[in-house]
> 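Before we start, here is the structure in question, set down as structure tokens.
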Amino acid sequence: MSATEQKAEDPVFKEEVLGQFLGDEKFPVTWGQELEKHLFWVYDDLHNPHPLSPMHEDIGLWTQSCDHMFRRFGTPFATDWIAKNVNGYLYTAAIPANSEFKIDGMELGARAGMIVPLDPDYAKKIGVYLGAVLPTYGEEFADWWYGRLVPEMKRNFDYLEGMLDKQDKLTLMELACLLEDAIDMHDRHWKIHWMLNFAQLSATLNLRAVMEKTHGKIDEALLGRLQNSAKDRNWDSIEALWKMKEEAKADATLTVAFKYETAGEIIAALKGTERGRKFIEERVAPYQKEFGWHAVWSHEFVFPTVYEHMEPVIELVRGYIETNYDYPKTIKVLADDIAAAAKEILEGLKGEGLEEMRVANDINLKMAPLTPDHHFYIDQGANAHVRLVLIAIGKKLVAQGVLDAPDDVIFLHYNELREFMGDPTAMDARALVAKARAAREKAYSFRPRDWIGTVTQSQLDFPYLNLWGFPDKFNRKAGTIAGQFTGLGGSPGVVEGVARVVLREDQFDEVRGGDILVCQMTNPAWVVLFTKIVGLVTDAGGTVSHPAVLSREFGIPAVVGTSVATQQVGNGDRIRLNGTTGVVEILEKAAKPPKSDLFGV
């Protein structure tokens, strides 16, 4: 059945069907349970734009701790979040707070019944608790974060890293226990993630409400400036790179090394001199140890982390030298703008209104750094540490002669790996790995749809969907003007320039100063590119997603959630984007652009 505007009523949600897609020849969908068809499933291009590996699907999905969030806050709109692998890609749907909605998902390689309330009137009753408790999270969470939760997460990382440092001395079964520890810590960090998300939601909703009450309207541009951060782990990482750039520029030997074109050549030149080896030992390696716990796509275990190879660090330093990036100037401009916005929001107010606005914004400013910081400790850090434990296990199995590459373990399912560690003769692991690798590669022949299943208004209203650009994506009409497409205005401004389509980390070094970055999605691993680019266009995301927020911090125009940017824009095309209206125009096609689209291969 094709996507359609039906006027029928969905028998489960008892609402009008706004749209439905149950599969076709181009994108077939296997429905394991009838109830699945009634859910609104969204393609998770925000976190997992690439095909899933078996191990990540089993133990790494963010959906596995969502019942904790819904339970802790007492949400009337959902009680769980279910995941589904469709043609290799991750789709997710919210489970309604409906006692009759009984459906199974998968967690840790086992069937898992999705959490629903026993009380049929739960959704009607529990909302009063959410409304009462949410402001406390907004007011208190920043103190909890810095005083209790960050120290807890650091202790977890210190333990895992200490064990990984001596992995050569550990037995396979000791590493098996460490994997279980890493999984438990991953689960805990993600529970903290959901606490933070709702606390931020509370702070943002309160700021908007007070602004409307005291000023009579909501100024979205001003709110965007106030939700920027000038002191967080992202900026710490950028400052460290800038310091390396300054040191390299001031040293003749390092300057010569960084004149080479590729990271590999630069590394060879650095290793060829005593000064270069000292730079690697004292600057590059410590950077990897502190900031390297992320990959180009931070959630999926397949992608190597910066901790594992220094090439991305070297290329970034080279790029900073090339553009003469000025960190102190950049951070001062941002900090000054946040301070100016904080002053501006108080203008014209007095008495109780002034104090109410001041308190609301003080809470908001305390929460702002937590957006990039939670990526550092959770989305990036937790997943990267699990990957490194898996790789340590893989190295042991390669040394035993039963696997060919350390990352083969990522192409086994969780329980397959455990059985294999217990008895390497129990299965032909090489055959399983080869099959899984081939399946993941074949998945690139499909072009994932933005959504599948059935759309009803209550599902479209699920609060979190704005991160993926819904309901705007669903309501958006197909473009009719050749060479033009639309997304969501993520950061205001208009800019023209050369498009640089980047889909993989090894393409980072192709980005030059003044380029407009076109990509599927960004995460904190991409932050370093923002020091070069003048604009951003993404396939994924909404106005409060990572690429939009970061673009506003860097003051560059951005259009997000287009769904088609990497399909329609070629490398080297000249484009114009309007970060206010969400319109992207292809002004001039490159003569012979290389293929930039991953899908449909």
Side-chain angles (χ1 to χ4, degrees), residues 138 141-143 145-147 150 196 199-200 203-204 206-208 210-211 215 219-246 287 290-291 316 319-320 323-349 354 357-377 490-493 495 513 522-536 543-558 579:
F141 189 82
D143 293 333
W145 175 260
Y146 293 113
V150 168
L196 181 148
Q200 286 182 311
T204 300
N206 185 53
L207 184 66
R208 294 175 70 88
V210 175
M211 184 183 229
H215 288 277
D219 185 334
E220 297 291 353
L222 182 58
L223 281 179
R225 291 163 62 197
L226 288 168
Q227 290 173 333
N228 290 337
S229 165
K231 181 59 180 174
D232 54 57
R233 298 303 280 158
N234 276 350
W235 286 114
D236 292 344
S237 170
I238 291 171
E239 182 182 17
L241 290 167
W242 171 77
K243 287 180 177 178
M244 280 191 266
K245 164 249 186 182
E246 290 292 297
Y287 177 90
E290 183 172 2
F291 298 108
L316 292 169
Y320 279 25
T323 60
N324 198 26
Y325 176 65
D326 190 339
Y327 168 80
K329 179 181 177 181
T330 302
I331 204 69
K332 184 179 186 304
V333 169
L334 177 60
D336 287 350
D337 185 66
I338 294 170
K343 184 178 179 180
E344 186 177 333
I345 201 172
L346 300 178
E347 290 177 355
L349 302 180
L354 175 63
M357 189 75 260
R358 191 195 315 277
V359 170
N361 190 42
D362 284 348
I363 293 171
N364 166 72
L365 293 176
K366 286 173 67 177
M367 293 295 292
L370 273 57
T371 296
D373 281 358
H374 91 259
H375 282 288
F376 181 85
Y377 291 108
S491 182
V495 67
T522 69
N523 61 53
W526 296 61
V527 170
V528 288
L529 296 183
F530 282 71
T531 62
K532 300 180 180 182
I533 61 176
V534 296
L536 173 70
T543 57
V544 292
S545 63
H546 181 268
V549 172
L550 204 63
S551 294
R552 293 193 291 267
E553 285 190 1
F554 278 86
I556 61 174

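Positions are given from 1, in the same order as the sequence printed here. Quick caveat: nothing in here was measured; it's all calculated off a predicted structure.
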> What are the two closest non-hydrogen atoms of A558 and S551, and how far apart are they?
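Reported closest heavy-atom pair: CB-OG, 3.3 Å.
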> Please tell me if the side chains of H215 and V210 come closer than 4.5 Å, counting only heavy atoms from C-beta onward.
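H215 does not reach V210 side chain to side chain.
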> So among D219, T204, N364, which one has a side-chain contact (heavy atoms from CB on, under 4.5 Å) with L226?
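Result for side-chain contact (heavy atoms from CB on, under 4.5 Å) with L226: N364.
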> What distance do L346 atom CG and R358 atom CZ have between them, rounded to the nearest 0.5 Å?
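These two atoms lie 5.5 Å from each other.
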> Roughly how far, to the nearest 0.5 Å, is CD1 of I345 from CG of L207?
5.0 Å
> Go through F291 and I238 one step at a time and tell me if the side-chain contact (heavy atoms from CB on, under 4.5 Å) criterion holds.
CA-CA 10 Å; F291 298 108; I238 291 171; over 6 Å; no
> Taking atom CG of D337 and atom NZ of K332, what is their separation to the nearest 0.5 Å?
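Output value for this atom pair is 11.5 Å.
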> Taking the side chain as C-beta and beyond, is there a heavy-atom pair between W145 and P369 under 4.5 Å?
no
> So D373 and Y146, do their side chains get closer than 4.5 Å, heavy atoms only?
yes
> Would you say S229's side chain and A368's backbone share a donor-acceptor pair under 3.5 angstrom?
no
> Rounded to the nearest 0.5 Å, how far apart are CZ of F376 and CG of L370?
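One gets 13.5 Å once the value is rounded to the nearest 0.5 Å.
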> How are the rings of Y320 and Y325 set to each other: parallel, tilted or perpendicular (split at 30° and 60°)?
tilted
> Give, for atom CG of D336 and atom CD1 of I331, the distance between the pair rounded to the nearest 0.5 Å.
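Going from the CG atom of D336 to the CD1 atom of I331 covers 10.5 Å.
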> Quick check: closest heavy atoms across G579 and P557, and the distance to 0.1 Å?
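Heavy-atom minimum between the residues: N-CB, 4.4 Å.
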> Determine, for E239 against K231, whether the closest basic-nitrogen to carboxylate-oxygen distance falls under 4.0 angstrom.
no
> For M211 and L222, run side-chain contact (heavy atoms from CB on, under 4.5 Å): C-alpha distance rounded to whole Å, both residues' side-chain angles, the deciding distance at 0.1 Å, then the answer.
CA-CA 10 Å; M211 184 183 229; L222 182 58; 3.5 Å; yes
> Taking the six-membered ring for Trp, are Y327 and W242 parallel (under 30°), tilted (30 to 60°) or perpendicular (over 60°)?
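Ring orientation of Y327 relative to W242: tilted.
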> Check step by step if side-chain contact (heavy atoms from CB on, under 4.5 Å) holds for L196 and F141.
CA-CA 7 Å; L196 181 148; F141 189 82; 3.6 Å; yes
> Could you walk me through whether N361 and L365 pass the side-chain contact (heavy atoms from CB on, under 4.5 Å) check?
CA-CA 6 Å; N361 190 42; L365 293 176; 3.6 Å; yes
> Donor-acceptor pair, R552 side chain versus G490 backbone, under 3.5 Å?
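Such a contact is found between R552 side chain and G490 backbone.
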> Distance from M357 atom CE to D362 atom CG, nearest 0.5 Å?
9.5 Å
> Between H375 and H546, how do the two ring planes meet: parallel, tilted or perpendicular, split at 30° and 60°?
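Ring orientation of H375 relative to H546: perpendicular.
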> Taking the side chain as C-beta and beyond, is there a heavy-atom pair between L334 and N228 under 4.5 Å?
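Sidechains of N228 and L334: in contact.
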> Are side-chain heavy atoms of P372 and R233 found at a separation under 4.5 Å?
no
